[in-house]
Amino acid sequence: QVQLVESGGGSVQSGGSLRLSCEVSRSIRSVYCMAWFRQVPGKEREGVAVIETAGIPTYAASVKGRFAASRADAENTLYLQMNNLKPEDTAVYYCAADADNEYDLPCVLPRGFNSWGQGTQVTVSS
C-alpha cells in the first residue's frame, strides 16, 4: 500500500477549471494502477479516470473531453485537470492506487484499490 494526499479542490463557477493533485508516498513509477473517483452524498462512488504506469488514461463518459489525468514522475504526483466544469461535477474527489497489483488485475474500471486518499471537495456553482 501507499499513502495518498489529495489537494486542489475548491469552489468554481460553471465553465471554470480546477486541478487536483494526489501526492504519492513512494515513487509513482512503481505504482501499477491509479485512479480518480468522486462521490456525492447518498450516491455510489463513481470512477472518473484510471491510469496505468506509463499508460494512457481512460475516462468515464461523463467527463471525457473535459478532464485529463496525468502522472508526474519527478513529483510523485497524480493530477486531474478538470476543465469546463459543470454543477453535476460537484462531489468529493478521491485518489486511489493499487501499487503492487497483488491479484494481477488489469488497470481498468471497475476494479478494486487498496490505497485511498482522504478526499477533496469540488463545488461547481451555476
Side-chain angles (χ1 to χ4, degrees):
Q1 295 188 357
V2 294
Q3 280 70 54
L4 306 172
V5 179
E6 299 114 334
S7 60
S11 297
V12 295
Q13 290 192 331
S14 182
S17 298
L18 283 173
R19 189 177 76 161
L20 304 183
S21 301
C22 174
E23 187 173 352
V24 185
S25 62
R26 77 184 207 198
S27 172
I28 199 171
R29 295 176 185 172
S30 70
V31 178
Y32 167 66
C33 185
M34 297 192 71
W36 287 100
F37 287 79
R38 65 187 181 185
Q39 189 167 25
V40 176
K43 294 189 176 181
E44 288 191 3
R45 191 170 292 184
E46 175 191 18
V48 172
V50 62
I51 180 169
E52 186 179 338
T53 308
I56 298 173
T58 57
Y59 302 95
S62 57
V63 306
K64 198 170 187 178
R66 300 187 297 120
F67 289 14
S70 62
R71 294 184 175 215
D73 290 353
E75 300 162 15
N76 290 329
T77 300
L78 176 72
Y79 292 106
L80 184 68
Q81 178 67 43
M82 306 185 294
N83 299 323
N84 191 21
L85 283 160
K86 304 175 181 181
E88 51 264 42
D89 295 318
T90 296
V92 177
Y93 283 72
Y94 297 90
C95 173
D98 178 5
D100 302 312
N101 198 20
E102 179 180 356
Y103 299 104
D104 197 26
L105 299 174
C107 186
V108 294
L109 295 176
R111 79 186 308 279
F113 292 87
N114 54 20
S115 299
W116 292 86
Q118 81 284 2
T120 185
Q121 176 71 46
V122 171
T123 303
V124 185
S125 58
S126 58

Kindly give the heavy-atom pair with the smallest separation between [X] and [Y], and that separation in Å.
X	Y	answer
Tyr59	Ala68	OH-CA, 3.3 Å
Cys107	Met34	SG-N, 4.4 Å
Ala69	Ile51	O-CD1, 4.3 Å
Arg38	Asp89	NH1-OD1, 2.9 Å
Tyr93	Val48	CE2-CG2, 4.4 Å

Could you tabulate the donor-acceptor pairs under 3.5 Å formed by side-chain atoms of residues 78-86, not counting sequence neighbours?
from: Tyr79; atom 1: OH; to: Glu75; atom 2: OE1; distance (Å): 2.2
from: Gln81; atom 1: NE2; to: Asn83; atom 2: OD1; distance (Å): 2.9
from: Asn83; atom 1: OD1; to: Ser17; atom 2: OG; distance (Å): 3.0

Check your understanding: Will you find, in the side chains of Glu88 and Ser62, an N or O donor that is under 3.5 Å from an N or O acceptor?
Key -> no

If only atom types and distance count, is the side chain of [X] paired as donor or acceptor with the main-chain N or O of [Y] below 3.5 Å?
X	Y	value
Tyr94	Gln39	no
Ser115	Gln3	no
Gln118	Glu6	yes
Thr120	Ser7	no
Arg111	Pro106	yes
Asn76	Ile28	yes

Check your understanding: In terms of the angle between their ring planes, are Trp116 and Phe37 parallel, tilted or perpendicular, with boundaries placed at 30° and 60°?
Key -> tilted

**Study point:** Listed once per pair and sorted, the disulfide bond (SG atoms under 2.5 Å apart) pairs that draw on residues 68-97, sequence neighbours left out
**Key:** Cys22-Cys95

